[in-house]
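Beneath this line is the structure, given in structure tokens, with notes to follow.
This chain uses plain numbering: 1 for the first residue, then up along the sequence.
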Amino acid sequence: MTFSLSAEDQATPILVVGNPLPEINYTNQWEEPSPIPVETTKVLFISDMDASKIIHPILEKEGKGYLESKQAVLVSDIHRMPSLISKFVALPKMKSYPYTLRLVREEKIADPFPRTKGSLTLIQLKAGKITKIQIANTEAEIRSFLETQEKPTKPNR
């Protein structure tokens, strides 16, 4: 038995703890392909301008290599941004960031990510599977998420 559903036939499932992060072909602010590395344990998702105003000052302060040192990536949904604003204002600014920003430029691609206006969605991963999803809108919450290390599991012998 095979089923074929188009995007119109079903609502996009929201990310759920226990499921893998969906594979999305991200590009970064330099227009290069930028897949999420296998070793990633933290995903910070920005869905609006207010959320970006919370995270960018933190990352600017921490500098180059900070996200990588935390096994974290930053994903930003910019598909609603007017193309002229994106091309002439936002992307030139993003190119000055000392960190990689994975961009969602097409409608519906980021629909599975839960979101709250003015907040970041923080997703914890373990072996590619989602272990925790939280919404945060303060520097303290975001820093706590980035600084917390998962306890490594001991191998069975």
For residues [X] and [Y]: do they belong to one hydrophobic cluster (side chain heavy atoms under 4.5 Å, members Ile, Leu, Val, Met, Phe, Trp, Tyr)?
| X | Y | result |
| --- | --- | --- |
| Val43 | Ile133 | yes |
| Tyr97 | Val89 | yes |
| Ile130 | Ile109 | yes |
| Tyr66 | Leu122 | yes |

May I ask you to decide if [Y]'s main-chain N or O and [X]'s side chain share a donor-acceptor pair within less than 3.5 Å?
| X | Y | result |
| --- | --- | --- |
| Glu32 | Thr27 | no |
| Ser86 | Met81 | no |
| Lys42 | Thr148 | yes |
| Asp77 | His79 | yes |
| Gln29 | Leu101 | yes |

Nearest heavy-atom pair of [X] and [Y]: which atoms, and what distance?
| X | Y | value |
| --- | --- | --- |
| Pro114 | Ile135 | O-CD1, 4.4 Å |
| Gly128 | Leu125 | O-CD2, 4.3 Å |
| Ser119 | Ser47 | O-OG, 4.4 Å |
| Asn137 | Gly118 | CB-O, 3.6 Å |

*Mind jotting down which residue pairs meet the salt bridge (charged side-chain N to carboxylate O under 4.0 Å, His left out) criterion with at least one end in residues 78-107? Sequence neighbours excluded, please.*
Glu31-Arg105
Partners of [X] by salt bridge (Lys or Arg N to Asp or Glu O under 4.0 Å), sequence neighbours excluded?
| X | answer |
| --- | --- |
| Glu68 | none |
| Glu23 | none |
| Asp48 | none |

Within this structure, what is the [atom1]-[atom2] distance for the pair [X] and [Y], rounded to the nearest 0.5 Å?
| X | Y | atom1 | atom2 | result |
| --- | --- | --- | --- | --- |
| Leu146 | Thr41 | CG | OG1 | 9.5 Å |
| Ile46 | Ile78 | CD1 | CD1 | 10.5 Å |
| Leu91 | Ile85 | CG | CD1 | 11.5 Å |

Considering only heavy atoms from C-beta outward, does the side chain of [X] approach that of [Y] to under 4.5 Å?
| X | Y | value |
| --- | --- | --- |
| Thr100 | Leu67 | no |
| Val75 | Thr121 | no |
| Met94 | Leu103 | yes |
| Leu15 | Pro22 | yes |

Could you list the donor-acceptor pairs under 3.5 angstrom formed between side-chain atoms of residues 51-60 and any protein atom two or more places apart in sequence or on another chain?
residue: Ser52; atom: OG; partner: Met49; partner atom: O; Å: 2.7
residue: His56; atom: ND1; partner: Tyr99; partner atom: OH; Å: 2.4

*Report the C-alpha distance between Phe145 and Leu120 in whole Å, list the side-chain angles of each, state the deciding distance to 0.1 Å, and finish with yes or no for side chain to side chain contact (heavy atoms under 4.5 Å, CB included).*
CA-CA 11 Å; Phe145 173 75; Leu120 279 88; over 6 Å; no
*Does a sphere of radius 6.0 Å around CG in Asn19 hold more than 12 heavy atoms from other residues, nucleotides or ligands, not counting ones at 6.0 Å or beyond?*
yes
_Per the ring pair (Phe, Tyr, Trp, His ring centres under 6.0 Å) rule, what does the pair list look like for residues 14-48, sequence neighbours excluded?_
Phe45-Phe113
*Begin with the C-alpha distance, continue with both residues' side-chain angles, and end with the deciding distance and a verdict on side chain to side chain contact (heavy atoms under 4.5 Å, CB included) for Glu139 and Lys61.*
CA-CA 12 Å; Glu139 181 174 344; Lys61 196 182 311 174; 3.8 Å; yes
